[in-house]
Amino acid sequence: MRAIITIANATVGEAIRRRVLLIILLVALLVILIAPNLGMLSSRSETTVLRSMMLGIIQLASAVIAVMTTVYMIPNEVERRTIYTILSKPVQRWQFLVGKYLGAVMALGLMMGLMAVVMLFVFGVMRPEFAVGLKLMQAVFMYFIQMSLLASVAIFFSTFVPPLVNFFLSGGIFLVGTVMNPVFDTIQKQGTGSGLKLLFSVISFILPNFASYNVQNPLINPQTVIQSDAAYYTNAVFYGVFYISIMLIGGMLLFDRKEV
Amino acid sequence: MAAAIETKNLTKTYKSKAAGLVHVVDHLNLHVEEGEIFGFLGPNGAGKTTTIKMLLGIIGPSEGEGYVLGKEIGDMEVHKIISYVPERPYYYEYMTGMEILKFYGALFGISDTGLMERLLEKVGLHKDKSKTISQFSKGMQQRIGLAQALINDPKLLFLDEPTGGLDPIAHREIRDIILNTRDEGRTVFISSHELSEVELICDRVAIINYGKIAAQGKLTDLLKGGRVEITVNGVPEQFVRDLNIPEANIRTLPVGVVIDAPEEADINGVIDAVRTAKGNVLSVVPRRKRLEDLFVETVSVPRSKAGV
């Protein structure tokens, strides 16, 4: 555990200093700050659209940060030879991989936390309502689980594909995993052939379901109600942790056999 | 003396689409004794780094076996008493020298800042301990690399090109640190292209070519076969004709007669003979065989003749 924590801490230190990530974070923070002053919003839908927009910015920036942080992590360590100084110490490969992943997730958490604080501040100034703030925090928490899941997918692929391919692969899976539920629902409703249904069932079983974490809809459309918040969030968190574990175990098995 | 490193037919094979099976390291038999500085030499692509990675347990061998400090390679227990400084390493640039030592120390559960201070002093970085790695010169980075490698008080140190790309002053500083390390009783395994450096500090060397050991032994034994050049004048032509020195080259030049003889030849006998013939000995210049000569001689063997 000592080795994992040490590697995770070093990874956080490195990630929060990466210029490209800081620029993405800075742009996201700026957009969140100036969003209320954008004239395009009509007064009637102002708050609703603003919430949706801010959560969207946090989600988009977090997704880019999650992928950017993880796709280069292992290849960079090999290219710069830092990995050899670490693996020649009493550190197992799986500890290295888990340490890097946890570091990436911690860095992601810090950046998402900062964006969430700025968003709350903006809403607090506009309309200080505890219930709305709580819902927003729940949404950001779900995004955090979603991004941790995305990071685990990216780190899994980073053990055997080059960074650029991984960037598009993980990004593609994120997009498919995000639109999967609505597409699947449409197919069910339209009564499409059983072959296509089976295909979508298999795909939705294999691919991570990122759509479950997009809970901003009940915020924007209050009539869309989740029956039980606690059950929904618990299920989503358990699903995320389970899928992350699968990705990490797969990554460990592949990384253990990788010639570095 | 006990072996710090022992390999038996250690082999690493890769599959290549173009060349089929490629033996990067081919049945390597290496013997490194405890407490010595061992030079591991070879041209680029000879298999040096692959061998080191196998000895460190970072990659597994395809065939054969290897032992480091008496334990099979890859044994995690060995990792507690060995260390490695790769060629042109990159350390986390945002960290200071002290933080680097804290990071690597933490991997062993070491948090003794007094030890870290002493290590920084040992490698001459105690005044720069608050500078970040990004502010370090190449030589300073190499020195912090050595300091991190000593954090666990290792019995065996692997150094890959420790003086590569450094200026002469940094060369000397690194050399002194390595010699001190050996004097403290550690074994040092150096992979290097800096032959003059290796010749200065190594007790024994191995030259690897095409993944095979082409020469291995004490430097003093491997560098036997030097020559001595004796220049004389005032000797009759008959004297030159009567000289009988095996493997000698004798040339008559305007300056005099130049006798190029093996160092094992009876040099004193030749000098006595010149004096008896009333000639003058102008100079006696020993030309010691250098490691560079041995290296070039060894690695110039074509692949077909290297048994590959």
Side-chain angles (χ1 to χ4, degrees), chain A residues 1-22 69 72-100 102-104 106-107 110-111 159-160 252-260, chain B residues 12-15 24 49-50 52-60 62 68 73-96 99-100 102-111 132-134 144-146 148-149 151-152 154 156-158 160-161:
Chain A
M1 200 61 192
R2 183 184 63 214
I4 293 174
I5 293 167
T6 306
I7 293 165
N9 284 338
T11 307
V12 174
E14 204 181 26
I16 60 172
R17 285 171 177 85
R18 277 185 65 189
R19 274 185 203 150
V20 63
L21 300 184
L22 290 178
T69 310
Y72 288 103
M73 226 157 45
I74 304 289
N76 274 358
E77 290 276 337
V78 176
E79 192 185 325
R80 296 162 173 178
R81 302 180 183 86
T82 322
I83 192 170
Y84 304 125
T85 58
I86 295 171
L87 292 183
S88 59
K89 309 274 189 276
V91 176
Q92 305 270 10
R93 284 189 179 209
W94 70 266
Q95 293 176 312
F96 179 79
L97 191 83
V98 174
K100 294 303 278 183
L102 287 181
M106 281 156 68
L110 284 174
M111 295 187 198
T159 59
F160 62 97
M252 285 177 211
L253 293 172
L254 289 168
F255 189 53
D256 205 42
R257 285 156 181 75
K258 188 179 169 75
E259 297 282 347
V260 292
Chain B
K12 186 69 192 177
T13 309
Y14 289 107
K15 276 180 194 166
V24 179
T49 302
T50 305
I52 291 179
K53 283 185 192 173
M54 281 196 280
L55 294 173
L56 291 168
I58 292 173
I59 55 171
S62 310
V68 174
I73 51 177
D75 188 328
M76 255 317 135
E77 282 302 304
V78 176
H79 286 218
K80 293 177 183 168
I81 47 172
I82 62 170
S83 260
Y84 175 51
V85 182
E87 181 184 3
R88 278 180 275 114
Y90 168 94
Y91 298 103
Y92 298 117
E93 284 192 338
Y94 71 89
M95 288 186 181
T96 63
E99 284 168 345
I100 285 285
K102 282 181 179 170
F103 169 71
Y104 284 101
L107 296 176
F108 291 98
I110 297 168
S111 55
T132 58
I133 300 299
S134 59
I144 197 68
L146 285 168
Q148 69 80 14
I151 194 88
N152 57 324
L156 171 61
L157 257 136
F158 289 89
D160 200 350
E161 297 290 351

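So you know, we letter chains A, B, ... as the sequences are listed, proteins then strands, and number each from 1. The model shown is predicted, which means the values in this text are computed figures rather than measured ones.
- Under the rule for a side chain to side chain contact (heavy atoms under 4.5 Å, CB included), the partners of B:T132 that lie at least two apart in sequence or sit in another chain are B:T96, B:S134, B:Q135.
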### Message
With side chain to side chain donor-acceptor pair (under 3.5 Å) as the criterion, how do B:Y92 and A:T82 come out once you've worked through the C-alpha distance, each side chain's angles and the decisive distance to 0.1 Å?
### Response
CA-CA 8 Å; B:Y92 298 117; A:T82 322; 5.4 Å; no
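- Residues of residues 252-260 of chain A placed with any heavy atom under 4.5 Å of a heavy atom in chain B are listed by number as A:E259, A:V260.
- Checked against side chain to side chain contact (heavy atoms under 4.5 Å, CB included), A:S88 has the following partners two or more places apart in sequence or in another chain: B:L56, B:Y84.
- Closest of all the heavy-atom pairs between B:K80 and A:P90 is CG-CG, 3.9 Å.
- Remark: A:Q92 pairs with A:W94, A:Q95, B:M76 by the side chain to side chain contact (heavy atoms under 4.5 Å, CB included) rule, at least two apart or across chains.
- Taking B:G109, B:P89, B:S83, B:G57 one by one and counting their heavy-atom pairs under 4.5 Å with chain A, the maximum is reached by B:G109.
- The number of heavy atoms from other shown groups lying within 6.0 Å of CD (A:E79) does not exceed 12.
- B:K53 and A:Y84 are linked by a side-chain donor-acceptor pair at a separation below 3.5 angstrom, with hydrogens and angles left out of the test.
- Most heavy-atom pairs under 4.5 Å with chain A, from the set B:K12, B:M95, B:E99, B:E77: that is B:K12.
- Residue A:I7 touches chain B through both its backbone and its side chain, counting heavy-atom pairs closer than 4.5 Å.
- Proximity to chain A is limited to the side chain of B:Y14, based on heavy atoms less than 4.5 angstrom apart.
- Taking every heavy atom of both residues into account, B:L107 and A:K89 meet most closely at CD1-CG, 4.1 Å.
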